[in-house]
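Single-structure report; data block below.
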Amino acid sequence: MNDISGFKDISPTTLADLLGRAQVMDIGIRPLWSPMPRIAGPAFTVRCPPGDNLMLHAAIHRAEPGSVIVVESGDVDHALAGGNVCAVARRRGIAAFVADGVIRDLAEVREMDFPVFARGVIPIPGTKKAVEPLGGPVRCGGVLVNAGDIVVADEEGIVVTPRDRQEQVLTDARKKAAKEAGESLDAWEAAHRARIDDILRANGFEG
């Protein structure tokens, strides 16, 4: 695998500009405490049927340190994880949970500074019965995520870079970020106004 550490320096906003809407999770999956640090890492994918959390509990013992555990569940009536599960994940070096579902014990999770992006919280736990394969493709927040895809998330949103494009996307993102950092607000304003005025004129706006 290529070195992906550089992704932590790239904003989801920059990645979204490069990758487009299809690689950005919907706004319902959000940081559950703040201020949430930016996280970045390869996806370790998990599928949990509605109402069951067995495979997420299995995943925390199998994901490599630095992984972002990405969970498809589609259920907001039962918690996928709680404080102890997050504590073990944190101790094992898991970077974060990104879950299309809900958790519980948020106060404990916040206190331990473990990053969780999810749809919310509920105190009811799920069951532990359904065995599913780990590492298969999942859909989370409307995005198809494969194991090894690069997940970058912070308060701006969650963007998934396909693993076979990560090197080029990182290169392009660094160039874009450097260009933006080197541009003064005056220069940006002038270019922005010119572009907006051109669009208005092309569409018959007068004023």
Side-chain angles (χ1 to χ4, degrees), residues 12 21-34 36-64 66-161:
R21 181 66 187 87
Q23 297 306 119
V24 180
M25 293 192 188
D26 72 58
I27 63 171
I29 302 183
R30 61 192 187 279
L32 293 189
W33 52 268
S34 63
M36 181 72 72
R38 181 178 299 152
I39 62 96
F44 186 94
T45 53
V46 180
R47 181 179 289 111
C48 292
D52 197 280
N53 60 29
L54 175 64
M55 296 317 296
L56 173 56
H57 289 232
I60 65 170
H61 302 290
R62 291 163 175 80
E64 292 293 324
S67 299
V68 177
I69 294 183
V70 179
V71 189
E72 174 185 332
S73 72
D75 173 32
V76 293
D77 294 317
H78 302 86
L80 289 162
N84 285 342
V85 169
C86 291
V88 171
R90 182 178 183 275
R91 185 163 65 181
R92 295 205 64 255
I94 304 303
F97 289 167
V98 174
D100 202 330
V102 294
I103 69 161
R104 65 180 191 165
D105 301 331
L106 179 57
E108 295 178 29
V109 176
R110 180 173 55 238
E111 186 175 349
M112 72 179 76
D113 292 335
F114 182 68
V116 177
F117 298 77
R119 294 199 180 274
V121 295
I122 198 168
I124 302 295
T127 60
K128 295 172 180 60
K129 297 178 181 178
V131 175
E132 298 272 349
L134 292 170
V138 300
R139 189 162 290 277
C140 185
V143 177
L144 182 64
V145 184
N146 291 287
D149 289 352
I150 307 304
V151 180
V152 178
D154 64 16
E155 63 186 4
E156 296 292 339
I158 307 163
V159 183
V160 180
T161 299

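Note: hydrogens, waters and symmetry copies are ignored here, and every other heavy atom, side chains too, is used. Since the model is a prediction, treat every value here as computed from it, not as a measurement.
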Are the side chains of [Y] and [X] in contact, using a 4.5 Å heavy-atom criterion?
X    : Y    : answer
E132 : L54  : no
W33  : V109 : yes
V121 : I103 : yes
V152 : T161 : no
P115 : R38  : no
V151 : I158 : yes
V98  : M25  : yes
I60  : F97  : yes

What distance separates [X] [atom1] from [Y] [atom2], expressed to the nearest 0.5 Å?
X   : Y    : atom1 : atom2 : value
C86 : E111 : SG    : CD    : 13.0 Å
M36 : E156 : CE    : CD    : 13.5 Å
S73 : L80  : OG    : CG    : 4.5 Å

Open item on the list: Can you list everything that forms a ring pair (Phe, Tyr, Trp, His ring centres under 6.0 Å) with F117? Sequence neighbours excluded, please.
Closed with: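 None.
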Smallest separation among heavy atoms of [X] and [Y], with atom names:
X    : Y    : value
A130 : P49  : CB-CG, 3.6 Å
F44  : A59  : CE2-CB, 3.6 Å
A118 : G101 : CB-O, 3.4 Å
V159 : P12  : CG2-O, 3.4 Å
P42  : I150 : CA-CD1, 4.1 Å
A63  : I94  : CB-CD1, 3.5 Å

Open item on the list: Going by salt bridge (Lys or Arg N to Asp or Glu O under 4.0 Å), name the pairs with one or both residues in residues 41-64, residues two or more places apart or in two chains.
Closed with: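 As it turns out, the salt bridge (Lys or Arg N to Asp or Glu O under 4.0 Å) pairs with a partner in residues 41-64, which skip direct neighbours, are R47-E72.
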Task: V24/V143 under side chain to side chain contact (heavy atoms under 4.5 Å, CB included): CA gap, chis, key distance, verdict - done: CA-CA 7 Å; V24 180; V143 177; 5.6 Å; no
Between [X] (side chain only) and [Y] (backbone N and O only), is there a donor and an acceptor less than 3.5 Å apart?
X   : Y    : result
R90 : V88  : no
H78 : I122 : no
T45 : V70  : no
N53 : A79  : yes

Open item on the list: Would you say that more than 12 heavy atoms from the other residues, nucleotides or ligands in this model lie under 6.0 Å from the CZ of R92, or not?
Closed with: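 For R92, atom CZ is crowded (more than 12 foreign heavy atoms under 6.0 Å).
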- [ ] Give a yes or no on whether N84 atom CG has more than 12 heavy-atom contacts from other residues, nucleotides or ligands under 6.0 Å away.
- [x]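 It does not: N84 CG has 12 such atoms or fewer within range.
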TODO: Determine the sole option in V76, V116, L32 for which the side-chain contact (heavy atoms from CB on, under 4.5 Å) test with V102 is passed.
DONE: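 Only one of V76, V116, L32 forms a side-chain contact (heavy atoms from CB on, under 4.5 Å) with V102, namely V76.
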Open item on the list: The criterion is side chain to side chain donor-acceptor pair (under 3.5 Å); which residues satisfy it with R119, sequence neighbours excluded?
Closed with: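 R119 satisfies side chain to side chain donor-acceptor pair (under 3.5 Å) with D26, D100 once adjacent residues are dropped.
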